[in-house]
Amino acid sequence: MVDTNDKIMLAHGGGGQLSSDLIKKYVLPNLGNDTLNQLGDSAVLELDSGSICFTTDGYVVKPLFFNGGDIGKLAVCGTMNDLAVAGARPVALSLSLIIETGLELAILEKILKSIGETAKQNNIDIVTGDTKTVEAGSADKIFITTAGVGERVGGVELGLNKIASGDKIIVSGTLGDHGMTIISKRKGISFESELKSDCASLWPLIEQLLVGGGVRFMRDATRGGVAATLNEIASSTGMDIEICEDKLPINPAVQVAADMLGFDVLNIANEGKFIAVVSHGCAERCLEICKNHPLGQEAAIIGEVGEVSKSALVELVTKIGGRRVVQLPYGRELPRIC
Amino acid sequence: MLERVKKAQKMMLAACDKLGRVINIMEVCGTHTVSIFRNGIRSMLPGGIKLLSGPGCPVCVTDQGYIDNVLQLAGRDDFIIATYGDMIRVPGNGGSLESCNGSENVRVVLSSEDALVLAKENPGKEVVFVAVGFETTAPASAVAVKEAYEQGVGNFSILSGHKLAVPAMGVILSAKNDKIDAFLCPGHVSAITGYGAFDTIVEEFGRPCVVAGFEALQIVEALAEICRQLIEGKPAVKSMYAAVVTEKGNVIAQKVMAECFDVADGWWRGLGNIAKSTLKLKGKYSRFDAFKKFNIEEIPGKDITGCQCGQVLCGLIEPNECALFGRSCRPETPVGPCMVSSEGACSAWYKYGGK
Ligand code: SF4
C-alpha cells in the first residue's frame, strides 16, 4: 500500500506488509541482483582470494542532493574508496537505511536510483541490506550506512609502516571540491554553481597505480582533508612532512569560496581524491599513470616525507617562501559534509 | 617575486642592525594576522623583528558588557537576533549565543541587508542586528537603517557596537604599550577611511603607518617600508595598496556613515573607555537603535576570569603567554573571544602553531 501515502511512515520500518511493499516496489527495482533478490538474512559471496578487506561507513550529509552527487552516490563511492585505498578490489556492498518518518517516497526513490546507478557504473552489487524508520525528529531525513567487502590485490602491501624518508606524496587531483560545494550550498553562497563535488569511485585509477608498483600507502582524503591525512601519516611514522603551496592543485572557484568563508582548503573534505605515498624512484611514473587517467588528470607531487623527528610536523612552504605548520584541523566548522 | 622578497628581507635586516634592538610592529587588523600566519611570514623575518597582533578583530575588541546585552535580548520571547557568524560562539556571562536559552532565536546572517530581510519576513518578531565591526561594516549597517527608516520597517533595529580603528591605536600608544615602533595598517578599513586617517598617529606619536592589502608579498614589502622609515628616522603614512586605498577613501561610504551615526565615547575590551571611538545612531534614527528601543544600559562587562585577551590586543603578551592558551582555551572550547574569532590572535596562533 505504499502509494496510499507518498511519505515514509513509521510502519514502513515495522517488518510487516508496508515494509515488504517498500522493498519490492522501491529497493529491488533499483538495486536488485541475484544475491539481493533472495532477501536472505545474509548474502553468500564466493571469493577466490585468501585475503579480504572489510569496511563500513555512515553517511549523514546535509543537503541530501548537491552539485556532483547526492547521499546515495556518496554512500557507494565512499565505502568503495575505503576498500580501494587499502589495496582491495571492491566486491560487494551492504546498505542500511535509517529513514525519518515523513520523508517523501519520491526523494527515497531518487536516492535509491542514484545508489543503483552508481553501483552499476562501478560494477559492484549491493548484496544485503536493511531498512529502519524512526519518528520525525529522531533523524534528519535519511542516514545511510554501507559496508563493503573487497579482495586484496595479490602482491600489494600497503601500510604506514612501509613509508620511508624521501618518499614522495602524490595527490590525485584538485583539493576541497566536495567540502566547499556542501559548505557553500549550506551557506547559500551565490557562486555555488561553479562548485562541484568530486564524489567518485577511485578504484579504476588505484588499480592501475597498484599494478604499476611503488605505492607505499594510500588514503582517501575525506573529512579533515589533506591536512588530516598528512598529520596522521606524520604522527604515525614519526617523520616530518613537507609540502609546497605552489604545487597544490586547487580549483580557482574553490579557492575563492574558501577565502571568502575563511577556510583553509587543506582542511576541506574530498570525496574523490586520494593521497598516495610512493617511493622516490617510482614517483614520476606514478604521477604519469594518474595524469593519464580521467580520475587523476590534475594529480601532482605535492611534497615529500622527511626524516624522523621528535615533533613529526607537517610543514607547508608557502608561495612566498615562508614556512608554516599544517595542523590537524579541529573540525568544528564542518558539520555533516559526508 | 622571490627577488622582491629578498630585497624586503635585506631592508629589514638593515633596520635591525641600525637600531640594534627589537623592532615591534603591530598589525592592527585580524585579516593581516591570519594572512601573516597562513603565508608563514613570521618564519621569514629576521629575529629582531617582532610582530604583535593589535585590536583589529571586531569580535575580540567588543566589550563583554555588549555581549551580555546581546545574550539578554536573545533570551526574550519574540526576538530574533541576527548576527555575523563569528559572534555566535563568543562567551558571555550566561553562555554564548549558540548555547543560551534563546538560541533558537539566533540567526546567522552574512550582511546587515539579510537582517533587514529577516525583519520583513517576520513581522511578528523584533529583529535586532548585532552590528559590530569597524569602518568596513559600519556603512552597510547605516544603509540597512536608512532603508528600514524609508520603508517603515518598525520591527528592525541594530545594536551598534561599531568602532573606529584610529582612536584605539592612539590609546594603545599613549596608555598601554609605548614599545610599538610602527603600525601595519588595515587595507579594507583604509579603503573606506582613506590613508589620510592615520596622519594623526604619525603627527602625534611619530610612528610609521603603512597600509597594505592581504597579499603576502604586499605585507612583506610594507614591513620593509616600515623598516626603511625607521632607518631614516622619518615616520610617514604610506599606502602599498595603491589600487584600492586612496588618501581620501570611499567618500560615499563616509557620507552614509556620517548621515546615520554620531561619533561617541565607548567601551572596548582591554582598552577601557576610549573617547570618540564608537558609532551611535543619530537621534533621527533612534527608533532603530536597540539600546534606546529596549532600554538597554551600556555598562562595561566583567572580563572572563583568566582570559587575557585585553593584554593580547595591546601587544603586551603573546597568546601562548596566557596560562589558558592551548589548555582549557582551544578553538573547540574557547574561553575568550580571541580564540573564538577566526581572525583572533589566539585562534591564529593555535591554528598555525604559533610560528
Ligand atoms: S588564550 Fe583564550 S583565555 Fe587566553 S587570552 Fe586567548 S582567548 Fe583569552
Side-chain angles (χ1 to χ4, degrees), chain A residues 137 183-192 224-225 227-228 230-231 234-235 240-246 248 250 255-268 303 309-335, chain B residues 1-6 8-9 30-31 33-45 51 57 59 84-86 88-89 98 107-111 114 117 214-221 223 326 329-334 339-344 347-355:
Chain A
I183 295 163
S184 301
K185 181 140 191 182
R186 287 168 62 117
K187 301 228 172 191
I189 306 294
S190 48
F191 50 67
E192 94 197 22
L230 295 180
N231 270 287
S235 66
D240 287 332
I241 289 178
E242 184 182 291
I243 56 173
C244 294
E245 192 176 25
D246 59 1
L248 301 175
I250 298 172
Q255 187 68 63
V256 170
D259 287 347
M260 187 174 150
L261 297 169
F263 290 110
D264 186 343
V265 177
L266 288 171
N267 292 344
I268 305 288
S309 91
K310 256 207 197 105
S311 45
L313 283 181
V314 180
E315 277 200 295
L316 175 78
V317 178
T318 64
K319 284 184 185 148
I320 196 169
R323 300 177 76 85
R324 73 161 162 95
V325 177
V326 178
Q327 294 253 46
L328 195 66
Y330 44 89
R332 141 142 217 139
E333 64 265 42
L334 305 172
Chain B
M1 177 167 81
L2 293 181
E3 273 309 300
R4 285 166 70 179
V5 171
K6 278 212 187 92
Q9 282 172 317
T31 316
T33 305
V34 171
S35 180
I36 286 166
F37 275 106
R38 258 176 75 155
N39 291 295
I41 290 176
R42 282 166 176 255
S43 71
M44 305 162 63
L45 305 179
L51 294 182
C57 151
V59 174
Y84 294 122
D86 266 357
I88 191 162
R89 298 177 58 219
E98 190 178 55
R107 307 279 174 81
V108 173
V109 291
L110 291 170
S111 69
D114 292 351
V117 171
F214 304 110
E215 289 288 326
L217 183 60
Q218 214 172 82
I219 292 175
V220 170
E221 290 190 328
L223 296 174
C329 187
R330 305 152 70 98
E332 58 277 34
T333 52
M339 190 61 93
V340 172
S341 166
S342 53
E343 299 205 330
S347 146
W349 269 68
Y350 190 89
K351 210 157 146 187
Y352 297 113
K355 275 181 109 184

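These numbers come from a predicted model, not from an experiment. Labels below follow one simple rule: chain letters A, B, ... track the order of the sequence lines, proteins then strands, and each chain is numbered from 1.
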side-chain contact (heavy atoms from CB on, under 4.5 Å) between B:F214 and A:D259, intermediate numbers included: CA-CA 11 Å; B:F214 304 110; A:D259 287 347; over 6 Å; no
Side chain / backbone / both / neither for B:R330 at chain A, heavy atoms under 4.5 Å: neither
Contact class of B:L2 relative to chain A, heavy atoms under 4.5 angstrom: side chain
Nearest heavy-atom neighbours spanning B:S43 and A:R323: OG-N, 2.8 Å
Nearest heavy atoms of B:Y352 and A:R324, plus distance in Å: CE2-NH1, 3.3 Å
Point-to-point distance, once rounded to the nearest 0.5 Å, from CG of A:D264 to OG of B:S342: 12.0 Å
Taking every non-hydrogen atom, the tightest pair across A:T318 and B:N39: OG1-O, 2.7 Å
Heavy-atom pairs under 4.5 Å with chain A, option from B:E215, B:M44, B:R4, B:E343 with the top count: B:M44
Spatial distance of atom CG (A:D246) from atom CE (B:M1) [nearest 0.5 Å]: 8.0 Å
Contact class of B:V34 relative to chain A, heavy atoms under 4.5 angstrom: neither
